[in-house]
Each structure stands twice: as C-alpha cells, then as structure tokens.
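Order of the sequence lines sets the chain letters (A, B, ...), proteins ahead of strands, with each chain counted from 1.
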Amino acid sequence: MPIRILMLTAACLAFAARAEAGTTWVGAQLQFPVPASDIGDRQLGVGAGVTLTKMTNTHVGFGADLIYHYWPASTGYESAFDHYLRSTRLEALQGSAWAFTAFQVTGHVKLVAPLGQRYAPWVQIGAGGYRLNLNLDEQRPGGTYAWVEGGSSNISVAFGGYGALGLDFHASAPLVVGLDATFHYVWSGQKSTWGWGGVNDLPDFSALTVGAHVLFGWN
Amino acid sequence: MRKRAWPTAVLLLVSVLGTGACRKYVTEPVTRSPVISSVVAFPAVIGPGDSTMVTISAIDPDGDPLVYDWFAYNGLLIKGDRLGDGYLYNTHSPSMIFYRSTTWPNPNDTAFVWCDARDGKGGSDGRRVLIFLKN
C-alpha cells in the first residue's frame, strides 16, 4: 500500500512537472488585512495588485509583486505613531482611526508542492520596497510658536518583506484560482534623532492579510 | 445578472481603494501658545494698606498645564515675594494678591500688573491690568 501511494505521488509530480515547468503565471490579487497587533478593526483595509511568477521547474519559481495596500492602524500602533509625531515633528493626530497606504514592490521566490492535477499548496517569500504614504494633512493654526521645517515628509520608502502560504486550484488549463494568507513586515525606518534607546522611533509595522488570487499561465 | 456583478465588484473595490488613498488625516501642532482670555483685578481701586486680587483666565490649546509669572509696577508688592522686587515666577495658581507699597512716592497714581501664562515648553501669552491708587 505505501508503495502504491509513493508511486501515485511520483506520477502526480511528474504530471505536474510537465504542466508547470517553464510556465509563467500572471494574475491579480485581492487581500484583506486581519485586525491584529498593528492592524485596526475600525476601518476596512484592503489590498489589490498584480503578481507574476516564472516557474523554473515544478517546484520553484521566481517573480515580482506590485500591490497597493490600505492599512488601518490599530489603536496601539496609532498611539505609537502619535508619540512619534509629537516627539519628532511637534504635531499630533486629531481624531482617531488613522490609516496609511503602502505600495508594495517586491520580488519573491515561490515553492510549490503539487498534490495532483488540480491542487497545489505553496509557500512564498518576498522582499523589496514599500512606498508608504502617511496620509497626513499638517495644519499650522495661529499661535503656533514652534514647528519642524522640512521634516514632514508624508511619503517614504521602507524596506519590507513577506511570507505567504497559499493553495492553488487549477480550474482549467491556463487558469488558476486560489486562496492565500500573507504576513508582511515593514521596517519603518522612521527614526528619531533624539531620545535614549529608540524611545521616540516609529515601530516597525506588520500585517497579516488573507485573500484570493486569479492567475493565468502560459509556457 | 452575472454580467453586472463583476463591474459592480470592481467599481466597489476601486471606490474603497480610492477613498483610502484620498483621505487625509489632520495633524495639529502641539506647540500652540496659551491664550489669556481675561485678567481681572478686584478691587480695581485700592487705598493705603489695601490689597487686590488679580486673576488670570487662560487656556492652553494643547492641554498643557500652565504656570504664571507676575510683575508688579508703580507701587505694588506681591504677596509671597520675599525679596520685594516685584517679580514672582512659576506660580501654579492663576490668582495672586498684590499690596500697595507704603513707601511709593506717588500716592495718586496708576499701578499695573503684568501677567504671563506659560505652558513650560516655550509658549506664552501676557497681558496687563491697571489698578488705580488713591488716598
């Protein structure tokens, strides 16, 4: 019996190898961040973009991602962000439910474990740049006696990476649909120029997203 | 029905993304100066040996706790000013009592008190109140 299972598995892998090797997959992704440590639940977050993967063999592929994220911050992260603003830019957030956007440009490695003709679980890791937009409208009403000149850049590029798990379903010959869960980690890079032990730095940001994707492939 | 679902979903998604991208979150500086709304002396006319109480009404837009500086001119002395030089700094009370000096050479004069409200971070506001001296 175990020999039959092994033979069956080998046959599936061989079939998948013919189907997958050299294939280029391109498609769309839709993701939703899950409220967790840095993601808040007061707004709906969303992410959408395109991904491309070139399979070099059955199991390994390389590719790139272009994904736009709208990430609402959790109360804790917003508090840390407010502290950072106060200590380094002499300003504070008015109101709550702050959210920022990130445009992810990353390269990735994808490892696929085909379980047959139709299903293929995979893991993927990627790294690259996240263009962050803090979405701030900085106002300076009368009576303001001190402010930071030129230090208020709302847009920055931070280094980040992600790890993802997914399951692809081969719906038809060139079409794959699937589900995925991705953990993003973005190094904020927003360091304060004063304060001991980084007490005034903006903490790094992490987000867990779940989503779906549609891929089209060709050889 | 199915043909309509996809454009609707795409439109909804674009709307959500667009709304997020366009929305701005307002920040305001934490370095706004305190604002004095009034300085009142009661009574405003004092005779020899009398005293008057000066009260500041001030707020800080950033919510910082305020301290007050007091400066007395033209024959007034500040209660608690041990040196008698007419200055008193960093009091936490917005009210202060002023006495008329017995050695001031011009008994019929107009004295005044200058008050500063400070937030301790560099922001301040100041105002003057007149006190009439008569015999």
Side-chain angles (χ1 to χ4, degrees), chain A residues 28-33 42-49 67-73 78 81-103 131 133-149 151-152 154-155 211-212 214, chain B residues 2-39 56-69 89-90 94 114-128:
Chain A
Q29 280 196 335
L30 180 62
Q31 302 179 346
F32 296 95
R42 292 168 291 178
Q43 291 186 61
L44 174 66
V46 69
I67 301 175
Y68 170 90
H69 299 280
Y70 181 71
W71 280 333
E78 185 177 313
F81 181 63
D82 188 64
H83 178 80
Y84 167 77
L85 286 178
R86 288 173 183 270
S87 62
T88 62
R89 291 162 66 157
L90 302 180
E91 58 194 48
L93 279 173
Q94 300 300 305
S96 59
W98 169 66
F100 66 99
T101 57
F103 188 69
R131 182 183 182 274
N133 186 343
L134 300 178
N135 293 333
L136 299 181
D137 175 13
E138 295 163 286
Q139 297 187 355
R140 194 179 298 163
T144 305
Y145 59 85
W147 54 86
V148 178
E149 279 290 359
S152 54
N154 283 325
I155 295 176
V214 180
Chain B
R2 205 172 184 182
K3 286 181 180 176
R4 286 183 184 174
W6 275 106
T8 304
V10 170
L11 188 64
L12 185 65
L13 179 61
V14 169
S15 301
V16 170
L17 293 173
T19 303
C22 294
R23 182 172 176 187
K24 294 290 183 185
Y25 298 87
V26 173
T27 66
E28 289 193 346
V30 294
T31 53
R32 287 172 292 178
S33 295
V35 178
I36 294 176
S37 55
S38 71
V39 180
I56 303 178
S57 294
I59 57 166
D60 185 78
D62 306 322
D64 298 322
L66 297 177
V67 294
Y68 305 92
D69 302 333
Y89 296 97
N90 290 328
W114 182 270
C115 325
D116 280 336
R118 295 186 292 110
D119 63 4
K121 296 178 178 176
S124 66
D125 191 13
R127 194 175 289 191
R128 183 185 65 177

Q. Minimum heavy-atom separation for Arg23(B) to Asn135(A), with atom names?
A. O-CB, 3.5 Å

(Q) Can you tell me which of Tyr145(A), Trp98(A), Trp147(A) forms the most heavy-atom pairs within a distance under 4.5 Å of chain B? (A) Tyr145(A)

Q) Quick check: are there more than 12 heavy atoms from other residues, nucleotides or ligands sitting under 6.0 Å from CZ of Arg42(A)? A) yes

Q: Taking all heavy atoms of Pro141(A) and all of Arg32(B), pick out the closest pair and write down the distance.
A: CG-CD, 3.8 Å

Q. Atom CD in Glu28(B), atom CG in Leu90(A): separation rounded to 0.5 Å?
A. 14.0 Å

Q.
To check you understand the geometry: which heavy-atom pair defines the closest contact between Glu91(A) and Thr27(B), and what is its length?
A. OE2-OG1, 3.2 Å

(Q) Please identify, among Asp125(B), Val30(B), Thr31(B), Val26(B), the residue contributing the most non-hydrogen atom pairs under 4.5 Å to chain A. (A) Thr31(B)

